[in-house]
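Taking it in order: structure first as structure tokens, then the write-up.
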Amino acid sequence: QQVIREKGLLHLGTREAEEDKEYLVQDINGIKIGMVCYTYEDAADPNTVAPNGITMSNADKGLINAFNIKHLDTFYAEMEQHIADMESDGAEAVVLYIHWGEEYQTKQNSQQKKMAQAACDLGVDVIVGGHPHVLQPMDLLESTADPNHKTVCLYSTGNALSNQRLGNISYVKTAHTEDGILFSFSFAKYSDG
């Protein structure tokens, strides 16, 4: 993180100290965008944090934004609080970057759909997913809490750079891992703000 900051870059999802904010609010061309990033973790013990199956030490587990599929109510409560905090910091739009889903599956699973809808209902405007190492569909979700709110959700961007080429790794059975996209989106304000 220190090197990233020294290079003038921003980062999401991790922090140097537990008291650091778990999100960013950036003014981008006059619009304040709130951004938060989460990764899945799959520890059986709810007091253990294991992002992508790698158990973290007790000293470090509070330095990463992670959600446990078995405890999504905790994730939703955190997201609700993050959104409120970002809005009080001036955020006019909210973007969630999320590491989720099943590797090598070209369709989103039911858990991703459920989580995406919950994030939409909480007020997230854009969801950008990763982890499956293949492209997955994009969706336009409608909030069940606010009929005027919609969320763009890209379930997986695939691979940008990877050694997961067909023929390079035994468990890669198709060339789908060789595909990836750059996903850009824009926010605009009406003249009345």
Side-chain angles (χ1 to χ4, degrees), residues 1-41 49 51-52 56 60-67 72 74-101 108 112 115-132 135-136 138-143 145-146 148-161 180-193:
Q1 294 164 348
Q2 184 179 359
V3 172
I4 291 170
R5 286 183 182 161
E6 286 172 5
K7 300 296 180 188
L9 300 172
L10 302 174
H11 65 88
L12 288 170
T14 61
R15 53 203 161 276
E16 290 184 57
E18 283 192 49
E19 59 273 4
D20 293 346
K21 290 185 179 181
E22 298 178 26
Y23 60 86
L24 288 176
V25 175
Q26 282 296 122
D27 187 312
I28 301 173
N29 297 324
I31 299 176
K32 288 192 175 181
I33 311 296
M35 296 170 275
V36 65
C37 181
Y38 269 84
T39 187
Y40 86 94
E41 57 104 348
V49 174
N52 206 20
M56 297 188 72
D60 292 336
K61 71 181 184 181
L63 303 178
I64 188 167
N65 293 350
F67 67 89
L72 287 176
T74 301
F75 169 65
Y76 299 145
E78 285 179 15
M79 279 299 301
E80 187 172 27
Q81 186 61 56
H82 291 328
I83 291 168
D85 293 344
M86 286 186 275
E87 288 175 348
S88 73
D89 286 350
E92 300 166 279
V94 174
V95 180
L96 168 62
Y97 297 93
I98 190 162
H99 181 250
W100 62 355
Q108 68 275 24
Q112 286 170 281
M115 292 175 69
Q117 186 61 55
C120 174
D121 292 345
L122 288 170
V124 171
D125 297 292
V126 176
I127 301 169
V128 181
H131 171 68
L135 291 174
Q136 288 184 339
M138 188 166 85
D139 231 340
L140 181 61
L141 306 171
E142 294 185 24
S143 173
D146 175 0
N148 297 315
H149 182 77
K150 292 183 175 32
T151 300
V152 173
C153 177
L154 177 57
Y155 287 101
S156 177
T157 58
N159 281 334
L161 294 172
I181 61 169
L182 296 175
F183 178 56
S184 67
F185 49 91
S186 298
F187 294 104
K189 284 186 187 182
Y190 292 108
S191 60
D192 64 359

Rounded distance [0.5 Å steps], [atom1] in [X] versus [atom2] in [Y]:
{"X": "Tyr23", "Y": "His82", "atom1": "OH", "atom2": "NE2", "answer": "8.5 Å"}
{"X": "Met138", "Y": "Ile181", "atom1": "CE", "atom2": "CD1", "answer": "8.0 Å"}
{"X": "Thr151", "Y": "Leu140", "atom1": "OG1", "atom2": "CG", "answer": "8.0 Å"}
{"X": "Ile33", "Y": "Gln26", "atom1": "CD1", "atom2": "CD", "answer": "10.0 Å"}
{"X": "Asp85", "Y": "Glu78", "atom1": "CG", "atom2": "CD", "answer": "11.5 Å"}

Would the distance check show the side chain of [X] and the main-chain N or O of [Y] forming a donor-acceptor pair, the cut-off being under 3.5 Å?
{"X": "Asn65", "Y": "Cys37", "answer": "yes"}
{"X": "Asn159", "Y": "Gly180", "answer": "no"}
{"X": "Glu87", "Y": "Ala93", "answer": "no"}
{"X": "Trp100", "Y": "Tyr155", "answer": "yes"}

Over all atoms of both residues, closest heavy-atom pair of [X] and [Y]:
{"X": "Leu96", "Y": "Tyr38", "value": "CD1-CD1, 4.3 Å"}
{"X": "Cys153", "Y": "Ala116", "value": "SG-CB, 3.9 Å"}
{"X": "Glu142", "Y": "Asp121", "value": "O-OD1, 4.4 Å"}
{"X": "Leu63", "Y": "Glu18", "value": "CD2-N, 3.5 Å"}
{"X": "Cys120", "Y": "His149", "value": "O-CD2, 3.3 Å"}

Student check: side-chain heavy atoms of [X] and [Y] closer than 4.5 Å:
{"X": "His11", "Y": "Leu9", "result": "no"}
{"X": "Met79", "Y": "Phe67", "result": "no"}
{"X": "Lys189", "Y": "Glu92", "result": "yes"}

>> Determine whether Glu41 and Ile64 satisfy the following criterion, side chain to side chain contact (heavy atoms under 4.5 Å, CB included), listing intermediate values before the conclusion.
In response: CA-CA 11 Å; Glu41 57 104 348; Ile64 188 167; over 6 Å; no

> Taking atom CD of Glu80 as the centre, does the number of heavy atoms from other residues, nucleotides or ligands within less than 6.0 Å exceed 12?
Replying inline: no

>> Does atom CD (Gln2) have a neighbourhood of more than 12 heavy atoms from anything else shown, all under 6.0 Å?
In response: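 No - once you tally the heavy atoms of other residues, nucleotides and ligands closer than 6.0 Å, there are 12 at most.
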
> Can you tell which of Val94, Leu141, Ile98, Val36 makes a side-chain contact (heavy atoms from CB on, under 4.5 Å) with Val124?
Replying inline: Val94

> Which residues pass the side chain to side chain contact (heavy atoms under 4.5 Å, CB included) test with Val128, sequence neighbours left out?
Replying inline: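 With sequence neighbours excluded, Val128 shows a side chain to side chain contact (heavy atoms under 4.5 Å, CB included) to Tyr97, Val126, Thr157, Phe183, Phe185, given in chain and number order.
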
>> Give me each pair satisfying salt bridge (Lys or Arg N to Asp or Glu O under 4.0 Å) with a member in residues 21-36, each pair once, sequence neighbours excluded.
In response: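 Sorted result for residues 21-36: Arg15-Glu22, Lys21-Asp89.
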
